[in-house]
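Since the structure comes first, as structure tokens, the remarks are kept for the end.
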Amino acid sequence: MRHGEVHNPDGLLYGRLPGYHLSELGRKMAERVAEHLAPRDITHVVASPLERAQETATPIAKAHGLDLATDARLIEADNVFQGKTFGVGDGALRNPDNWKHLVNPFKPSWGEPYVDQVVRMMGALNAAKDAARGHEAVLVSHQLPIWIVRSYVERRRLWHDPRKRQCTLASLTSFTYLGDKIVSVGYSEPAIDLVPAHLRAGAKPQKGSGAQGKAFGA
């Protein structure tokens, strides 16, 4: 699961920075997904250590009478632009100081290598599979790591256009195992009616739309 909406009035790319919590709308998203998952046979709930993921996972764990576990492998991808604004129309691409970080989109050169994200996310998936073997587990993470591990499982290239990620706020990307092998991948959006249209999967960032229009939510 990707976490819910974050309170971020300055429109920063917050990445792994501490202190970024769910907004009121984000909490509603978390509660909605907890209600959606209440009938499921969930025996393990685990989240990234970042506040927004922990707060998203808490209602799900509570609904099933479970303690919330933490797995650092579910954390957001590292990014050199963390703590800065980096969106459409803000001039970031015209700043020469940023160019050295944009030379290789295939790795990528501005942050944690995609291959490293695959390794840690697959480790977290397999650990959760073992913890909930025969049942279901919920892992709460962040947009980029979720999309990268899904791309790997579905045998797509890892480099991509961020605007085309199918990973909306509070969405569920589901991996079904047969034994120790992933046999299918699913996707659903149980809180989609709460997600603003410009933040939904495939929506294009809008120039001049302020913080909410920037591609900072991860």
Side-chain angles (χ1 to χ4, degrees), residues 1-6 13-22 26-27 29-31 33-34 36-38 40-79 82 111-154 158 165-188 190-191 217-218:
M1 179 182 177
R2 183 184 173 193
H3 62 78
E5 187 192 56
V6 175
L13 196 158
Y14 38 76
R16 296 180 176 181
L17 293 174
Y20 282 86
H21 298 267
L22 292 182
R27 291 192 291 272
M29 292 177 184
E31 293 289 348
V33 178
H36 173 78
L37 294 174
R40 308 293 302 195
D41 182 25
I42 295 168
T43 60
H44 183 62
V45 181
V46 58
S48 154
L50 296 174
E51 291 98 333
R52 57 192 184 271
Q54 294 277 315
E55 292 164 1
T56 299
T58 295
I60 301 171
K62 183 178 179 180
H64 290 86
L66 300 171
D67 292 330
L68 175 60
T70 300
D71 190 331
R73 292 173 293 190
L74 295 171
I75 200 168
E76 174 60 288
D78 197 15
N79 192 307
Q82 175 178 286
E112 182 183 10
Y114 293 138
V115 172
D116 292 357
Q117 295 179 54
V118 168
V119 170
R120 63 178 174 84
M121 289 294 287
M122 284 301 299
L125 280 174
N126 287 327
K129 174 258 299 176
D130 290 338
R133 189 175 288 273
H135 305 277
E136 295 180 272
V138 176
L139 300 81
V140 180
S141 186
H142 308 268
Q143 185 190 64
L144 179 55
I146 294 171
W147 181 248
I148 289 300
V149 75
R150 177 181 172 183
S151 296
Y152 169 77
V153 170
E154 295 183 329
L158 301 183
R165 297 173 190 160
Q166 189 185 42
C167 193
T168 294
L169 290 166
S171 61
L172 297 170
T173 301
S174 303
F175 300 86
T176 301
Y177 283 81
L178 181 60
D180 293 325
K181 181 180 179 181
I182 296 175
V183 294
S184 67
V185 178
Y187 179 78
S188 62

pair Leu74-Met121: side-chain heavy atoms closer than 4.5 Å: yes
Could you check whether any side-chain N or O of His64 sits under 3.5 Å from a backbone N or O of Leu37, counting only pairs where one atom can act as donor and the other as acceptor? yes
Output for pair (Ile60 CD1, His36 NE2), nearest 0.5 Å, gives 10.0 Å
Rounding to 0.5 Å, atoms CG (Leu144) and OH (Tyr114) come to a distance of 6.0 Å
Output for pair (Leu125 CG, Ile182 CD1), nearest 0.5 Å, gives 5.5 Å
One should read off an interatomic distance between Ile146 CD1 and Ile148 CD1, to the nearest 0.5 angstrom, of 11.5 Å
In short, Met1 meets Leu172 closest at the heavy-atom pair CB-CD2, 3.6 Å
**Asked** Going through the checks in order, is the side-chain contact (heavy atoms from CB on, under 4.5 Å) test met by Met122 and Val153?
**Response** CA-CA 9 Å; Met122 284 301 299; Val153 170; 4.1 Å; yes
I'd like to check Thr168 versus Tyr187 (side-chain heavy atoms, cut-off strictly below 4.5 Å). Are they in contact? yes
What one should report as the nearest heavy-atom pair of Ala191 and Ala170 is CB-CB, 4.2 Å
Quiz item: So does Tyr177 have more than 12 non-hydrogen atoms from other groups sitting under 6.0 Å from OH?
Solution: yes
Note to self: Any salt bridge linking Asp71 with Arg120? Criterion: basic side-chain nitrogen under 4.0 Å from a carboxylate oxygen.
What the structure shows: no
One should read off an interatomic distance between Arg165 CZ and Arg150 CZ, to the nearest 0.5 angstrom, of 13.0 Å
By ring pair (Phe, Tyr, Trp, His ring centres under 6.0 Å), Tyr20 pairs with (sequence neighbours left out) Tyr14
Can you tell if the side chain of Arg133 reaches within under 4.5 Å of the side chain of Asp180, non-hydrogen atoms only? yes
Tightest non-hydrogen contact, residues Ser151 and Leu158, listed as CB-CD2, 4.2 Å
Trace of the side-chain contact (heavy atoms from CB on, under 4.5 Å) decision for Glu76 with Gln82: CA-CA 11 Å; Glu76 174 60 288; Gln82 175 178 286; over 6 Å; no
Open item on the list: For Asp67, is the CG atom crowded, meaning more than 12 foreign heavy atoms sit under 6.0 Å from it?
Closed with: no
Review point. Has Arg40 got more than 12 heavy atoms of other residues, nucleotides or ligands less than 6.0 Å from its CZ?
Key: no
Which of Arg73, His3, His142, Arg16 passes side-chain hydrogen bond (donor to acceptor under 3.5 Å, both in side chains) with Ser48? It is His142
### Message
Can you confirm whether Met29 sits close enough to Leu169 that some side-chain heavy atom of one is under 4.5 Å from a side-chain heavy atom of the other?
### Response
yes
- Query: Counting only N and O atoms by type, is there a donor-acceptor contact under 3.5 Å from the side chain of Thr56 to the main-chain atoms of Gly4?
  - Reply: yes
